J.: 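Please read through the structure below; I'll follow up with questions.
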Amino acid sequence: MPEATPADARSGASSDGGRVVDVAIVGGGLVGASLAIALEDLGLEVAMLEATPSGALPAVFDQRNLSLAEASVNALTALGVWPLLQTAPGPIRRIHVSRAGDFGRVLLRADDFGRDAFGQVVVARDFGAALEARLQQLPRLQRLRPARFTGTTLAIDGLREVRYEDADGPRTLRARLLVGADGADSAVRAALGIDADVEDYDQTLFVARLRSAQRPDGTAYERLTDHGPTALLPRGDGHFGVVHGVATAEADALAGLDDDAWLLRLQDAFGWRAGRFLAVGPRSRYPLRRVLARQVSAPRALLVGNAAQAMHPIGAQGFNLGLRDALVLAELLAASGVDADLADAYAARRGEDRARTLAFSDGLARWTANPSPLASALRSLGLGVLAGSGSLQAWLVGGAMGYRGDVPALCRGTAA
């Protein structure tokens, strides 16, 4: 039997006998789970539809390395997730940026900005386990799993009808608000009839754990090339998390290399700043696309996280932006409940942060991959200007730490 906890009897009943909740969240991954936790103390009836059965973590909680900005760490600490990490995170105390073929580099130091660290690196699987442990502490949340979302319509009484399937067949619940947190290929977005602009960067990312002769010292490296970034992130377990971008046409050949050949390829792309690369763990690959929903709301429905926007990982802004989506929504629900103006208020509050973060990520990805001599000269000039400008560095660092646009209160380390 599928799991539904706590007992369904606590919810109201609709005219057709179905369950009625205030908020139905589709997707129990990074952003959906964070939203459910943020809503727990608001007195709302919340149901979360999860494709993964009880006892298993969603596929997104794999060996990827998450670079969590200071603002995200603040919020996750306040939500009670951060203390549940079983593996120590790796602090990012310096950020080193360079570009193959260009002159100059930028080195940002957290202590120059009065910070111990810009953010923290966690393994997605470890973070998923902490989220799951926190979810299990929530007495109000109704978890419907495994459940597959199949569609939605707006009912005559103004509620959002949510259709899904579990082991017993088709089911329906009604919600005052439906939240799509089901990723870049969002079924909720499609069911709402919201179009998305999709662009393939023609790049593939390989992600793995890397052991080097030089242990991480808190420096996060970003080495940019014509075919994508190569990043080394300082993990808390003495390894680096490596992200290696290549042209998609090369991805199959690279995937077929044995570990020794792959390490040589990586060393050639990155250089020797972090010492000799000694060993690599299992490698995963991900095609890079930008998926941008043309709107983030419909009647009684909103999109958050990758369902609203999936971006190039350069600058490590994806989950951090999605978490701010969830926290802003939680603040609005805390202030006004599920009212008629919620969709407009959400879109307005998320507008600046979303636009600026997407522009930064997409612009950086395109500009740094441009192989022309003119672009190289301009990038070299830009790196030199940035290296010598404290005000430009402060602007860049503020955005990288998650303080961009209308910042949720929990991100600032204050109560909502």
Side-chain angles (χ1 to χ4, degrees), residues 11-12 14 18-28 31-49 75 79 138 140-142 149 151-163 172-183 186-196 292-309 321-355 357 405-412 415-416:
S11 297
S14 68
R19 170 183 332 193
V20 177
V21 297
D22 293 303
V23 181
I25 304 168
V26 177
V31 175
S34 298
L35 176 60
I37 294 166
L39 297 181
E40 175 65 14
D41 293 333
L42 301 188
L44 300 173
E45 300 293 344
V46 179
M48 185 163 66
L49 281 67
L79 292 175
L138 308 184
R140 299 185 61 86
L141 176 65
Q142 303 164 42
F149 171 84
T152 182
T153 53
L154 198 61
I156 295 175
D157 58 7
L159 298 182
R160 175 63 66 175
E161 184 178 271
V162 180
R163 297 185 296 278
T172 300
L173 64 77
R174 293 194 177 193
R176 295 176 178 86
L177 178 67
L178 169 64
V179 179
D182 53 339
S186 172
V188 173
R189 187 181 65 226
L192 294 172
I194 297 177
D195 292 330
L292 180 60
R294 294 184 180 177
Q295 61 193 64
V296 296
S297 66
R300 295 283 179 182
L302 296 172
L303 302 176
V304 297
N306 282 354
Q309 67 275 315
L321 181 64
L323 178 62
R324 296 195 295 274
D325 288 345
L327 297 175
V328 164
L329 176 54
E331 283 187 9
L332 291 170
L333 288 167
S336 306
V338 185
D339 64 18
D341 297 325
L342 179 65
D344 290 342
Y346 174 77
R349 281 199 59 183
R350 296 307 297 135
E352 181 184 0
D353 187 11
R354 186 173 186 247
T357 304
D406 187 349
V407 181
L410 290 184
C411 289
R412 299 192 301 268

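Quick caveat, the model's predicted, so the values are computed rather than measured.
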J.: Working to the nearest 0.5 angstrom, can you tell me the gap between R350 CZ and L327 CG?
T.: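 That separation rounds to 9.0 Å.
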J.: Do V23 and M48 come within less than 4.5 Å of each other through their side chains, counting heavy atoms only?
T.: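 Contact flag for V23/M48 side chains = no.
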J.: Might you point out which heavy atoms bring P408 and V328 nearest each other, and give the distance in Å?
T.: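 Heavy atoms only, the tightest pair is CG-CG2, 3.6 Å.
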J.: Kindly compute the distance separating CG (L154) from CZ (R174), expressed to the nearest 0.5 Å.
T.: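 It is 10.0 Å, given to the nearest 0.5 Å.
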J.: So T152 and V26, side chain to side chain contact (heavy atoms under 4.5 Å, CB included) or not? Walk me through it.
T.: CA-CA 11 Å; T152 182; V26 177; over 6 Å; no
J.: Are there more than 12 heavy atoms of other residues, nucleotides or ligands under 6.0 Å from atom CG of D41?
T.: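 Counting neighbours around CG of D41, 12 or fewer heavy atoms of other residues, nucleotides or ligands fall under 6.0 Å, so no.
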J.: Give me the atom names and distance for the closest heavy-atom approach of L323 to A75.
T.: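 In terms of heavy atoms, the two residues are closest at CD2-CB, 4.4 Å.
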J.: Taking the side chain as C-beta and beyond, is there a heavy-atom pair between V296 and R354 under 4.5 Å?
T.: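 Yes, side chains in contact.
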J.: Looking only at heavy atoms, which two atoms of L35 and A326 are closest? And how far apart?
T.: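 Here L35 and A326 meet closest at CD1-O, 3.5 Å.
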J.: Can you tell me which residue among L302, I194, L342, L192 is in a side-chain contact (heavy atoms from CB on, under 4.5 Å) with S297?
T.: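 Going through the options one by one, the only one that passes is L302.
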J.: If you measure from CD on Q295 to CG on L303, what distance do you get to the nearest 0.5 Å?
T.: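 The CD atom of Q295 sits 8.5 Å away from the CG atom of L303.
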J.: Could you give the distance from CG (D195) to CZ (R189), rounded to the nearest 0.5 Å?
T.: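 Going from the CG atom of D195 to the CZ atom of R189 covers 9.5 Å.
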J.: At their closest point, which heavy atom of V21 faces which heavy atom of E45, and how far apart are they?
T.: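 That would be CB-O, 3.6 Å.
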J.: Out of curiosity, T153 OG1 to L159 CG, how far, rounded to the nearest 0.5 Å?
T.: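 Reported value, rounded in 0.5 Å steps: 11.0 Å.
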J.: Main chain of A409, side chain of E331: is a donor-acceptor contact present, judged purely on distance under 3.5 Å?
T.: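 The answer is yes, because a donor-acceptor pair under 3.5 Å joins these two groups.
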J.: To the nearest 0.5 Å, what is the distance between CG (D325) and CZ (R349)?
T.: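 Atom-to-atom, D325:CG and R349:CZ are 11.0 Å apart.
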J.: Check the pair V46 / Q142 against side chain to side chain contact (heavy atoms under 4.5 Å, CB included), numbers first and verdict last.
T.: CA-CA 6 Å; V46 179; Q142 303 164 42; over 6 Å; no
J.: Which pair of heavy atoms, one from A187 and one from F149, lies closest together, and at what distance?
T.: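 Nearest pair, atom of A187 first, then F149: O-CE2, 3.6 Å.
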J.: Minimum heavy-atom separation for V162 to A24, with atom names?
T.: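 Taking every non-hydrogen atom into account, CG2-CB, 4.4 Å.
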J.: Run the side chain to side chain contact (heavy atoms under 4.5 Å, CB included) test on V31 and N306 for me, step by step, so that the C-alpha distance in whole Å, both residues' side-chain angles and the decisive distance to 0.1 Å come before the verdict.
T.: CA-CA 9 Å; V31 175; N306 282 354; over 6 Å; no
J.: Stepwise, does the side chain to side chain contact (heavy atoms under 4.5 Å, CB included) test hold for D22 with L177?
T.: CA-CA 6 Å; D22 293 303; L177 178 67; over 6 Å; no
